[in-house]
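What follows is a short report on a single structure.
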Amino acid sequence: MGLLSKKDAKLITDPLADNNPITIQVLGICSALAITAELKASIVMAISVVFVLAIGNVVISLIRNIIPSKIRIIVQLIVVATLVIIVDQVLKAFAYELSKTLSVFVGLIITNCIIMGRFEAFALANGPWRSFLDGIGNSAGYGIILIIVGFFRELLGSGTLLGIKVLGDPIEKTGVYAYGYENNGFMLLAPMALITIGIIIWVQRSRNTALIEHN
Amino acid sequence: MEHIELFFKAIFIDNMVFATFLGMCSYLAVSKKVTTAVGLGAAVIFVMAITVPLNWLLDVYLLKDGALAWLGPEYAQYDLSFLSFIMFIATIATMVQLVEIIVEKFSPALYNSLGIFLPLIAVNCAILGGSLFMQSREIQTLGLAFNYGVSSGIGWFLAILAIAAIREKIRYSNVPPPLRGLGITFIITGLMAIGFMSFGGMLTGGDEKEVPAEQTAVVKQVEIKKDAIDLAKNETEITE
């Protein structure tokens, strides 16, 4: 952190915990739930969002003074859509199976609220370097939650991590399966992602009581 | 018959919130009161009813592989589907803007009650998601596309109505402080999603589960592993 001033470093570290886009700002939930059944898909999605948000933030920040206010949303949407098309084509070319698993959710990065949210809240009012850092910070915060959820869902749901069987072989009954452990197939289904994130929120707010909502 | 089947499928089995988690951000943010939830839900149905058929027309006559054949046979080789994202989102943003202007002119009362929700809908992932699913599931006719748009919107409306009603009541319960607000909403939504999974056998009589394609790969994995384990069990029984 030697070359970043303290204020700039905060732009990266804040969204990782205290101002996390998913658990605190309530943005970017849709994709966090739908594609986290496999750790690999979560990692690829996180990297895609880092790419789109960081570069998008810089582009919007560079043109912020020439966008007329009335067509602001449309300009933002076009910038994001272009970046997402690039990501989608790269995925289809180099990782076709993965792009099938992610299916429409790559396209839905366009409407991922984190991206539009950060454009509006930050890139429209700040310079390109700080916008870049803010983009990296928020997408890293999003990525961390995605990876945690993907980790637990894949581990408990299919006993593998990134496709490698880490708990032993369920058919040969080696490792943990020899003691009668069974994979919890339910974790691979959608609703458990919601409950996992609920538990992450519970843990986070217990440790930092300032974040508790008051009715 | 196809229409009725699609209608019920889109509302209950492929529910936008509980099966595919689209529109979650506004779903979580706007569900504190039932009245605002109803307003947003109605606006979503309205916008989806307009944009899904429009995007269907765009897809069939402009974007699909070979779609441009109506211009002339030499154009049939073009596949513009990579432009889908930009075209769909541009249509949605434009339609929302247009709808806002029309509603403001013809029914100021409705415009005031919808308030800020109408422009917010343009970036609601449920709207874009509806169009993208319409494309990936290859809906065949304009009538079916309209049906799909309306019924997906109704499914979303039901979901946000339910969670808003529950959140209003749960204010009187003893939720642990760290879970209050956002955390308990996540868990309740998860439980509601589990409940909606029970609709899976609705149209096929329960013999064959109809699961959306996105989940099929995952569920198949689970089933293949279960079959393999059962096979192994049977083998050990025989040898013993």
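By convention in this document, chain letters (A, B, ...) are assigned in the order of the sequence lines, proteins followed by strands, and residues within each chain are numbered from 1.
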**Prompt:** In terms of heavy-atom pairs under 4.5 Å with chain A, which of Leu128(B), Leu22(B), Leu182(B) leads?
**Reply:**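 Most heavy-atom pairs within the cutoff with chain A belong to Leu182(B).
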**Item:** chain A interface, residue from Val175(B), Leu132(B), Thr185(B) that has the most non-hydrogen pairs under 4.5 Å
**Value:**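 Highest number of heavy-atom pairs under 4.5 Å: Leu132(B).
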**Prompt:** chain B heavy atoms under 4.5 Å from Ile29(A): which part of the residue, side chain, backbone, both or neither?
**Reply:**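 Interface part for Ile29(A): both.
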**Enclosure of Phe152(A) CZ (heavy-atom neighbours >12, cutoff 6.0 Å)** =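 Check fails, neighbour count at 12 or below.
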**Asked** Should we count CZ of Phe12(B) as having more than 12 external heavy atoms under 6.0 Å?
**Response**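 Counting neighbours around CZ of Phe12(B), more than 12 heavy atoms of other residues, nucleotides or ligands fall under 6.0 Å, so yes.
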**Request:** Give the member of Ile199(A), Ile195(A), Ile85(A) that has the highest number of heavy-atom pairs under 4.5 Å with chain B.
**Result:**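 Greatest number of close heavy-atom pairs with chain B: Ile85(A).
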**Prompt:** Within a strict 4.5 Å, meaning less than it, do heavy atoms of the Met95(B) and Ile127(B) side chains meet?
**Reply:**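 Met95(B) does not reach Ile127(B) side chain to side chain.
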**Message:** Once you measure the plane-to-plane angle for Phe18(B) and Tyr27(B), does it fall in the parallel (<30°), tilted (30-60°) or perpendicular (>60°) bin?
**Reply:**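 Answer is perpendicular, since the angle exceeds 60°.
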